[in-house]
Amino acid sequence: MLKCHSPKPSTILTILQGCNNIKRLKKIHAYVIISGLQHHVTISNRLLNFCAVSVAGSMSYAQHLFHHMDNPSTEAWNSIIRGFAQSSSPCQALLYYNAMISASFSQPNSYIFSFVLKACEKIKDEKKCGEVHGSIIRRGYERDIIVCTNLMRSYAGNEFMESARRVFDDMSDRDLVSWNCMISCYSQAGFHQDALTLYNQMQDKNVGLDGFTLVGLTASCAHIGALNVGIEMHKIARKKGFMNDIYVANALIDMYAKCGSLDSALSIFNKMKKKDVLTWNSMIVGYGVHGHGDKAISLFKKMLMAGVQPNSITFLGLLCGCSHQGLVEEGIQYFHLMSSDFKLKPEVKHYGCMVDLFGRAGKLDEALKLIKTSFFDAPVLWRTLLSSCKIHRNVMIGEIAMNNLVHVGMPNAGDYLLMATLYAGAKDTEGVSRMRKIMQNQGIKTTVAWSWIEVEDQIYKFVVNDSSHPDSCKIYAKLEEIIHQAALLGYVQEEEAIDTYPLFSTEVSLGSSTSKHSEKLAIAFGLIKTPPESCLRIMKNLRVCNDCHTFIKYISKAYDREIIVRDRVRFHHFKNGLCSCGDYW
DNA sequence: TTAGGGTTAG
């Protein structure tokens, strides 16, 4: 119990140090008032600081304390702005910052700028970020390395990458954190090539690196499929002793899985002494997108035995694996398990996997029923169903899916092409021309398809009929040669057949040829540039069309090459004339 | 007294 006699301020401050909950703080506050110390600056500031910053604090009580201060000091402004910047109401931080600027007797310091910028980033207020930037310059903080790093992140968080980069370039002094921050900003915003280029500049300047550097770069390698650069990151991590850093190891597992090297991913996974949910998820999702549903399930069981709680991503990996391996019963079981045993509510993505699972297995009625009971009116579900209708040539359900896509107002070029394919299969020429007309009349634009391949540490991109590469003549000559070799083994090109249109694509816009598809050009280039018997790894932003899928099978046999293709949906491992997807994709 | 950087999906 607190005794009520005239205490020394130092006694109150000591009591405050031991305070660990808001109830006790309120009692101390009452005691401060009774003792007539409510205007003692240090005590008021400490009380406020506890409420605003401590996890056991209360922002409403912090506001109450703040508004009873006669002339809040910079320290008090600091606490209230910091508190709101890290709260679920970051807008309030900006309101207090504005109030501080208006009340000219207190001036913001470098700490306050850091908190305000954090708030700008959270609420996505680019305009405010620019205003604060102006204020930073006017008040002479543009040379503060931490303020500038915060400013970069704030701009990048608002998707103003050029402004972020300008801040970075204009910094008079940069340290490892500022370099890492710019790299991770690029990586998180999807500017992967810029992240890798910046790393090269960083090395030229002998800044050094740490685990943070490796994580940002490895994540970028994963996204663009830059395996060779990723392997370099792994070597550095081993050499410099960063393999015990769980962030680094997790990023490497994900990178290897996304670059098609499941064995390398597993090797790191097995060596890790400490694994968290991301470690398990990266491996399970890796198995899922490679079509190894059984291995994903087996790992999931081990994960539970290890006492690691799965999350919604774990189940995405499991369902994806079940769907691609045709494990219908298991998929249904895990779909129910996520809510019954793990209290995870299935999201649109999980329903998408289930529609795909039923659809691929030919259970189109069940897929339809699931969409109707899902309470999601998401285009992606109807689109998934439509693609299953194409596999199983079911025009009736295809039309239901298409009508619903029109109803939700989101049909794209790929959808019309899929529907046209379905009509073509049913010899419904009127249906085909109706789809063509809608596309032409509504000017529906197709997505540009492109494929890319990493040779040494460079990424080479190709689009259909690409002639931009300096070695273009050699590439086309090689393409002719490989088409001939494939033909000798029995390959017949599906020229202009409407059912060669890829699912979400486009590449084969109505009237173009399948013979110069981007993945064929990438393969021709790869065969020229890589040693015999080495594995070719191709990435594509859309799905591989039937013709290219067949073609690559023949090429894997004719040239005795393993060819790994990562498309928009999954991995295809082509070897000796066969594909790991079993032509089931 | 207090401030800056990291991984899965989307």
Side-chain angles (χ1 to χ4, degrees), chain A residues 13 16-17 42 45-46 48-50 52-54 73-83 85-86 108-118 121 141 144-154 156-157 167-168 171 174-188 190 195 207 209-223 233 237 242 245-258 265 268-269 272 275-286 288-289 310-317 319-320 347-350 352-353 378 380:
Chain A
L13 291 172
L16 262 171
Q17 270 181 352
T42 313
N45 282 340
R46 289 285 166 86
L48 173 63
N49 191 263
F50 177 88
V53 176
S54 158
S73 61
T74 299
E75 186 185 338
W77 285 104
N78 212 324
S79 295
I80 197 90
I81 292 172
R82 181 185 174 195
Q86 66 190 31
N109 59 18
S110 64
Y111 295 98
I112 288 180
F113 283 122
S114 290
F115 304 135
V116 171
L117 287 166
K118 178 79 83 189
E121 188 192 343
Y141 286 104
D144 186 309
I145 199 165
I146 298 178
V147 169
C148 284
T149 309
N150 273 314
L151 189 55
M152 267 161 54
R153 180 150 287 281
S154 199
V167 172
F168 178 77
M171 282 171 80
R174 296 183 206 106
D175 62 8
L176 182 56
V177 178
S178 12
W179 282 91
N180 284 348
C181 186
M182 194 66 235
I183 286 176
S184 74
C185 284
Y186 273 139
S187 181
Q188 286 162 13
V207 184
L209 56 79
D210 64 8
F212 289 83
T213 327
L214 293 175
V215 167
L217 291 167
T218 307
S220 278
C221 291
H223 279 102
M233 297 299 128
F242 292 120
D245 181 332
I246 196 161
Y247 285 88
V248 173
N250 286 350
L252 284 167
I253 290 176
D254 181 59
M255 182 276 297
Y256 276 121
K258 284 211 173 76
I268 296 175
F269 178 88
M272 284 172 76
K275 300 179 179 78
D276 63 9
V277 66
L278 273 93
T279 319
W280 291 92
N281 281 357
S282 297
M283 207 60 226
I284 289 172
V285 171
V289 294
N311 62 19
S312 68
I313 298 164
T314 320
F315 285 94
L316 275 184
L319 296 178
C320 173
E347 298 153 25
V348 178
K349 268 269 175 186
H350 300 94
C353 287
V380 65

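Below, chains carry the letters A, B, ... as their sequence lines are ordered, and counting in each starts from 1.
No contact: A:Gly216 has no heavy atom under 4.0 Å from any strand. Among the protein residues, A:Arg46 comes within range of no part of the nucleic acid, since none of its heavy atoms lies under 4.0 Å from any strand. Within the nucleic acid shown, A:Ser110 comes within 4.0 Å of at least one base atom, counting heavy atoms only. Residue A:Asp175 is in base contact, counting any heavy-atom pair closer than 4.0 Å across all strands shown. Residue-level contact check: A:Val53 touches neither bases nor backbone, having no heavy atom under 4.0 Å from any strand. Nucleic acid contact for A:Ile145: base, since at least one base atom lies under 4.0 Å from a heavy atom of the residue. At a threshold of 4.0 angstrom between heavy atoms, the contacts of A:His223 are confined to the sugar-phosphate backbone, with no base atom among them. Backbone-only contact: A:Gln188 has heavy atoms under 4.0 Å from sugar-phosphate atoms and none from a base. A:Asn78 comes within 4.0 angstrom of a base, heavy atoms only. At the heavy-atom level, A:Thr213 lies nowhere under 4.0 Å from the strands shown.
Whole-Å rounding puts the A:Lys258 NZ to B:dT8 C1' distance at 6 Å. For the pair A:Leu16 CG and B:dT1 P, the computed distance is 14 Å after rounding to whole Å. Spacing between atom CG of A:Asn311 and atom C1' of B:dA9 amounts to 9 Å, rounded to whole angstrom units. Put simply, CG on A:Leu214 is 14 Å from P on B:dG6, counting in whole angstrom units. Summarising the geometry, the separation between CD1 on A:Ile253 and C1' on B:dG6 is reported as 15 Å, rounded to the nearest angstrom. We find that CD1 of A:Ile246 is positioned 17 Å from P of B:dG6, with the value rounded to whole Å. As a whole-Å value, the separation of A:Met272 CE from B:dT7 P is 15 Å. Atom CD in A:Gln86 sits roughly 15 Å away from atom C1' in B:dG4 (whole-Å rounding).
A:Phe315 is linked by a ring-ring contact (aromatic ring centres under 6.0 Å, His included) to A:Phe300, A:Phe342, counting only residues two or more places apart in sequence or in another chain. Residues passing the side chain to side chain contact (heavy atoms under 4.5 Å, CB included) test with A:Thr213, sequence neighbours excluded: A:Leu176, A:Asn180, A:Ile183, A:Tyr199, A:Met202, A:Leu209, A:Asp210, A:Leu217.
For A:Ala219, the listed nucleotide lying nearest its side chain is B:dT7; candidates were B:dT1, B:dT2, B:dT7. Residue A:Leu278 has its side chain nearest to B:dT7 when only B:dA9, B:dT7, B:dA3 are considered. For A:Tyr247, taking side-chain heavy atoms from C-beta onward, the closest of the listed nucleotides B:dG6, B:dA3, B:dG4 is B:dG6. The side chain of A:Val215 lies closest to B:dT7, out of B:dT8, B:dT7, B:dG4. Comparing atom distances between the A:Ala251 side chain and each of B:dA9, B:dT7, B:dA3 picks out B:dT7 as nearest. Listed nucleotides: B:dT2, B:dG6, B:dG4. Nearest to the side chain of A:Tyr111: B:dT2.
Under 3.5 Å, the side chains of A:Ser282 and A:Asn250 contain no donor-acceptor pair of N or O atoms.
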Review point. Step by step, would you call A:Ser178 with A:Asp175 a side chain to side chain donor-acceptor pair (under 3.5 Å)?
Key: CA-CA 5 Å; A:Ser178 12; A:Asp175 62 8; 2.8 Å; yes
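Side-chain contact between A:Val53 and A:Gln86: present, with at least one pair of heavy atoms (C-beta onward) separated by less than 4.5 Å. Looking at A:Ser184 and A:Arg153, their side chains come closer than 4.5 Å, going by heavy atoms from C-beta outward. At least one side-chain heavy atom of A:Phe113 sits less than 4.5 Å from a side-chain heavy atom of A:Pro108.
Contact of A:Asp210 with B:dG6 (side chain to base): no donor-acceptor pair of N or O atoms is detected under 3.5 Å. Between the base of B:dG6 and the side chain of A:Asn250 there is no donor-acceptor pair shorter than 3.5 Å.
Proximity of A:Lys118 to the phosphate of B:dA3: no side-chain N or O atom is located under 4.0 Å from OP1 or OP2.
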